[in-house]
Structure formats: C-alpha cells, structure tokens
Amino acid sequence: MAGPPELHALAVGLIIAVVTAPVGVSGAVFLLPVQLSVFGVPSPTVTPTNLLFNVVAGPGALLRHRRAGLLNSPLARRLVIGTLPGVVIGAVVRVFAVPGPAVFRLLVAGLLMPLGLWLIVRTFRPARPAAPAAEPSRRTVTGLALVVGIIGGIYGIGGGSLLGPVLVGRGMPVSRVAPAALAATFATSVAGAAVFALLSLTGSGDVAPDWPLGLACGVGGLIGGYLGARLQSRLPETALRLLLGALAAVFGALYAVQSPR
C-alpha cells in the first residue's frame, strides 16, 4: 500500500465505524483480519491493538447516543456487568494460554454466518404477530455478556458483533441494542487494555499494542462512529436488521475463509 500506513489505518477505521456503528458493532471484529492480512500486525500484538482501537473510537458513537438519551438503560448496565469480568478472564487466557487463531475463526464463522442469514430471512419473512419472539431474561443476558467478554479479552473484538445479532434475533429492537452493545464494548475495551498493560509487566511476552496503528485506526473510528450513530435514527428498523444480518454473515464468511491459515 502506497503512502503512510497511519493514513490508511485512519481511513480503514473511519469506513468500518460508519458502517458498523448504526447496529452497535464497534468494527473491531472486522479490523482484526485487516490488521493481520493488510497491515501485518503480529500475534499477540493484534489483540491489544484492537482494544486500543475500541478505546479511542468508542466515544464517537457513545457521545451521539448520550445526547439522544439512549445510554442510561438497564440493558446497557447488564451488558457491562457481564462483560467486564469476562474481558479480564479473556486477557489472562490470551497471554498465558494463547489459544490458536484458527479455532477462534471457526467458532466465529460457525456462530455469525447462520445467525446473520437467519436475521436476514426473519426480516423478509417475519414471525406471525400472534407468536412474537420472547426477549431473553436478565440472567441470560448477563451470562451471554460474560461469554462475549471472555472472547473479547482473548481476541480483542468489541463484542457487539456477537451480542447484537443474538439479542436482536431474540426480539429486541436494534435501536435499543446498539447503544447498549457499544457501551459494553467501550467499558470492556478500557478494562482489557488496562489488564494487558499490567500483564506486560510480568515479562510473559510482548503484549503491547501497535500504538501508531491503533491510534490512527481509533481516530478514524472516532469520527466514523459519531457519523454512524447519527445515521441510526435516519434508518428504519428493517434496514438496520438487514445491515446487522449482512455484517454478521459477511464477517462469518470472512473468518471461515481465513480459518485454515
């Protein structure tokens, strides 16, 4: 790629955030393969770099949602409560166990592809009004958030890409899920970055982020996230559900292709 890599990173972060922020996805799940394949960021540096992206980019969309009064919700609090301890566990596992990326890619592909396709089908062929989908219980939401937090701590993804399709598929509107998922992503990314910083002091390996790349992507994501959050109120629920389903399916297919590597 010709030109400064930081400029490319800024553009990548901006584009990803504009597309993903309206449905509550930080974009880190898409940034991960870009870091590995395009920018050549090595493992395990890619994980804290992704978390750095979330920390810098997160306030863009969150500021917009806060002005709209969408952040002070019970759902946001439950997601944060569940994901915070999970990201600490995941970070420890990442540094000391170092699970293989191929397994992660297969798991993400196996979850996101069918879930995304199911969301698209459900949007075009909704369930009968007489049998609406029941929202998950508080315990289920917190348990799901814990699992997603662990995955986020291991691989540096935001978690919204997993939380969003599951919660929307269980009957919650995108306009309610998106701000809560982004809030949980930001909180866990701050905690995860702090844990990686502490673990780097143990001398168990180089777990510092690629600061120039992560900051450049994050600044692009900061701008793109604000713009994407503004778009959310202008898009109908059907379009948001289709966008979320398409993103989930595309991310899943991308990881399925990369899993043998």
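Index from 1, following the sequence.
- Criterion: ILVMFWY side-chain heavy atoms under 4.5 Å apart, direct or through other members. Under it, Val56 and Trp211 are part of a common hydrophobic cluster.
- For the pair Leu79 and Thr185, the minimum side-chain heavy-atom distance is 4.5 Å or more.
- Minimum heavy-atom separation, Ala229 to Ala21: N-CB, 4.1 Å.
- Annotation: side-chain contact (heavy atoms from CB on, under 4.5 Å) contacts of Pro212 (sequence neighbours excluded): Glu6, Asp210.
- Side chains of Ile151 and Val147 form a contact here, defined as non-hydrogen atoms less than 4.5 Å apart.
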Verdict with reasoning, Leu243 to Val19, per side-chain contact (heavy atoms from CB on, under 4.5 Å): CA-CA 9 Å; Leu243 176 59; Val19 176; 4.3 Å; yes
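- Residues Val88 and Leu51 share a single hydrophobic cluster, defined by chaining ILVMFWY side chains whose heavy atoms lie under 4.5 Å apart.
- For residues 7-21, the set of pairs meeting the salt bridge (charged side-chain N to carboxylate O under 4.0 Å, His left out) definition, not counting sequence neighbours, is empty.
- In this structure, Ile15 CD1 and Thr20 OG1 are separated by 11.5 Å, a value rounded to the nearest 0.5 Å.
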Taking only distance into account, with no hydrogens and no angle test, what donor-acceptor pairs under 3.5 Å do side-chain atoms of residues 171-180 form with protein atoms, sequence neighbours excluded?
| unit_1 | atom_1 | unit_2 | atom_2 | d |
| --- | --- | --- | --- | --- |
| Arg176 | NH1 | Glu135 | OE1 | 3.2 |
| Arg176 | NH1 | Glu135 | OE2 | 2.9 |

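- Residues that satisfy the side-chain contact (heavy atoms from CB on, under 4.5 Å) test with Ala191, not counting sequence neighbours, are Leu84, Val87.
- Heavy-atom minimum distance, Gly24 versus Ala181: O-CB, 3.5 Å.
- Every residue meeting the side-chain contact (heavy atoms from CB on, under 4.5 Å) condition with Val18, not counting sequence neighbours, appears here in chain and number order: Leu14, Leu227, Leu231.
- Side-chain contact between Val34 and Phe39 is present, with at least one heavy-atom pair separated by less than 4.5 Å.
- Residues Asn54 and Ala28 come closest through the heavy atom pair OD1-CB, 3.5 Å.
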Please list, one pair per line, the donor and acceptor atoms closer than 3.5 Å that link side chains of residues 62-72 to other protein atoms, with sequence neighbours excluded.
| unit_1 | atom_1 | unit_2 | atom_2 | d |
| --- | --- | --- | --- | --- |
| Arg67 | NH1 | Tyr226 | OH | 3.1 |
| Asn72 | OD1 | Arg77 | NH1 | 2.9 |

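- Leu167 is listed as a side-chain neighbour of Leu144, based on a closest heavy-atom distance under 4.5 Å.
- When side chains are defined from C-beta on, Ile150 does not count as touching Val93, because their heavy atoms never get closer than 4.5 Å.
- Remark: Arg78 pairs with no residue by the salt bridge (charged side-chain N to carboxylate O under 4.0 Å, His left out) rule, at least two apart or across chains.
- Scanning both residues, Gly228 and Pro22, for their nearest heavy atoms gives O-CG, 3.1 Å.
- Thr238 meets the side-chain contact (heavy atoms from CB on, under 4.5 Å) test with Thr123, Leu242; sequence neighbours excluded.
- Every side chain to side chain donor-acceptor pair (under 3.5 Å) that Thr140 has, sequence neighbours left out, goes to Ser137.
- Hydrophobic clustering keeps Val250 apart from Leu244 (ILVMFWY residues linked when any side-chain heavy atoms are closer than 4.5 Å, directly or through intermediates).
- Ile81 belongs to no hydrophobic cluster, as no Ile, Leu, Val, Met, Phe, Trp or Tyr side chain comes under 4.5 Å of its own.
- Atom CG in Leu213 sits 9.5 Å away from atom CG in Asn50 (nearest 0.5 Å).
- In this structure, Gly13 and Phe53 approach most closely via the heavy-atom pair CA-CE1, 4.2 Å.
- When hydrophobic clusters are built by joining Ile, Leu, Val, Met, Phe, Trp and Tyr residues whose side-chain heavy atoms come closer than 4.5 Å, directly or via intermediates, Leu254 is grouped together with Leu119.
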